[in-house]
Amino acid sequence: MVTKFENKVYELCKKVPKGKITSYKEIGDKIGIKGYRAVGMALNKNPFAPIVPCHRVCGSDGNLVGFASGLKKKAELLRKEGIKIKNNKIENFNSVLYKF
DNA sequence: GCTTTGACTCTCG
DNA sequence: TCGAGAGCCAAAG
């Protein structure tokens, strides 16, 4: 069972195009909540593992925060998408950041 | 049903 | 610039 809150998070995640990323802050702000932690929780469950690109969601400063499979894996995936990662952080964060 | 915890972010010293 | 504290939200115990 997926709550409406989680569904919103997943829908927004799917909106992020390939080669772009978003932040928990953007999602939370779009949904209309200030508890960005809840957003991370929804992604941590991620019942739609391959469908929802949860690895395209990073911190507000473009730094890689928490990932169920490990930050290293996350960095690899992002690098594959064409996003530059430097020391667990997005290099051109401002350029790849997708705003809703 | 209240308390604890967590993939967060902001502010202050 | 860095570390600590506070605020917010939802799920799990």
Side-chain angles (χ1 to χ4, degrees):
Chain A
M1 175 55 186
V2 183
T3 65
K4 289 187 176 172
F5 162 73
E6 291 174 279
N7 193 32
K8 284 182 186 175
V9 177
Y10 301 138
E11 286 298 315
L12 286 174
C13 279
K14 284 193 290 187
K15 273 188 179 180
V16 181
K18 184 186 175 190
K20 292 272 186 176
I21 61 174
T22 188
S23 64
Y24 299 98
K25 186 176 183 298
E26 289 293 324
I27 295 176
D29 192 52
K30 181 67 180 176
I31 293 176
I33 65 172
K34 294 131 193 167
Y36 310 106
R37 295 183 167 194
V39 178
M41 269 189 147
L43 290 175
N44 180 244
K45 296 179 186 176
N46 195 15
F48 310 97
I51 298 93
V52 177
C54 49
H55 59 272
R56 289 186 195 154
V57 184
C58 57
S60 62
D61 283 336
N63 53 330
L64 299 181
V65 287
F67 193 62
S69 306
L71 294 177
K72 203 176 173 192
K73 189 85 176 181
K74 189 169 184 176
E76 288 272 333
L77 287 168
L78 289 175
R79 199 183 288 271
K80 251 183 175 180
E81 306 255 328
I83 299 169
K84 307 285 191 299
I85 307 296
K86 179 86 173 188
N87 200 9
N88 281 351
K89 196 165 185 172
I90 311 294
E91 271 202 13
N92 49 352
F93 177 63
N94 198 26
S95 302
V96 296
L97 177 62
Y98 178 79
K99 293 170 185 173
F100 297 103

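Hydrogens, waters and symmetry mates are skipped; everything else that's a heavy atom, side chains included, is used. Chain A is the first sequence line, chain B the second, and so forth, proteins listed ahead of strands; every chain is numbered from 1.
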Asker: What about A/V16 and A/V65, same hydrophobic cluster or not, with Ile/Leu/Val/Met/Phe/Trp/Tyr joined at side-chain heavy-atom distances under 4.5 Å?
Answerer: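 Yes, same cluster.
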
Asker: Starting at OH of A/Y24 and ending at C1' of C/dC8, how long is that distance when rounded to a whole Å?
Answerer: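 Rounded to whole Å, this separation is 16 Å.
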
Asker: Closest heavy-atom contact between A/C58 and A/G62?
Answerer: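 Minimum heavy-atom separation between A/C58 and A/G62: SG-CA, 4.1 Å.
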
Asker: For a quick test of reading the model, state the closest non-hydrogen atom pair linking A/P17 to A/Y98 and the distance between them.
Answerer: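 In terms of heavy atoms, the two residues are closest at CD-CD1, 3.6 Å.
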
Asker: Heavy atoms from C-beta onward define the side chain here; which of B/dC10, C/dC9, B/dA7 lies closest to that of A/A38?
Answerer: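 Closest nucleotide to the A/A38 side chain: C/dC9.
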
Asker: For A/K30, does the NZ atom have more than 12 heavy-atom neighbours from other residues, nucleotides or ligands under 6.0 Å away?
Answerer: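 At most 12 heavy atoms, drawn from other residues, nucleotides or ligands, come within 6.0 Å of this atom.
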
Asker: Using atom CD1 of A/I31 as one end and atom C1' of B/dA7 as the other, report the distance to the nearest whole Å.
Answerer: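 Answer to the nearest Å: 14 Å.
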
Asker: Would you kindly say whether A/E26 and A/S23 are connected by a side-chain donor-acceptor distance under 3.5 Å?
Answerer: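 Checked: A/E26/A/S23 side chains show no N/O donor-acceptor pair below 3.5 Å.
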
Asker: Check each residue of residues 2-9 of chain A for a non-hydrogen atom within less than 4.0 Å of any atom in DNA chain C, then write out the ones that pass by number, or none.
Answerer: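 DNA chain C contact set from residues 2-9 of chain A: A/T3, A/F5, A/E6.
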
Asker: Check DNA chain C against residues 79-100 of chain A and give the residues with a non-hydrogen atom under 4.0 Å, in numerical order.
Answerer: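 Here the set is empty: none.
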
Asker: For residues 40-51 of chain A, which residues have at least one heavy atom under 4.0 Å from DNA chain C?
Answerer: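 A/M41, A/K45, in order of number.
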
Asker: What's the spacing between A/Y24 OH and A/L43 CG if we round to 0.5 Å?
Answerer: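 A/Y24 OH to A/L43 CG: 6.0 Å, rounded to 0.5 Å.
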
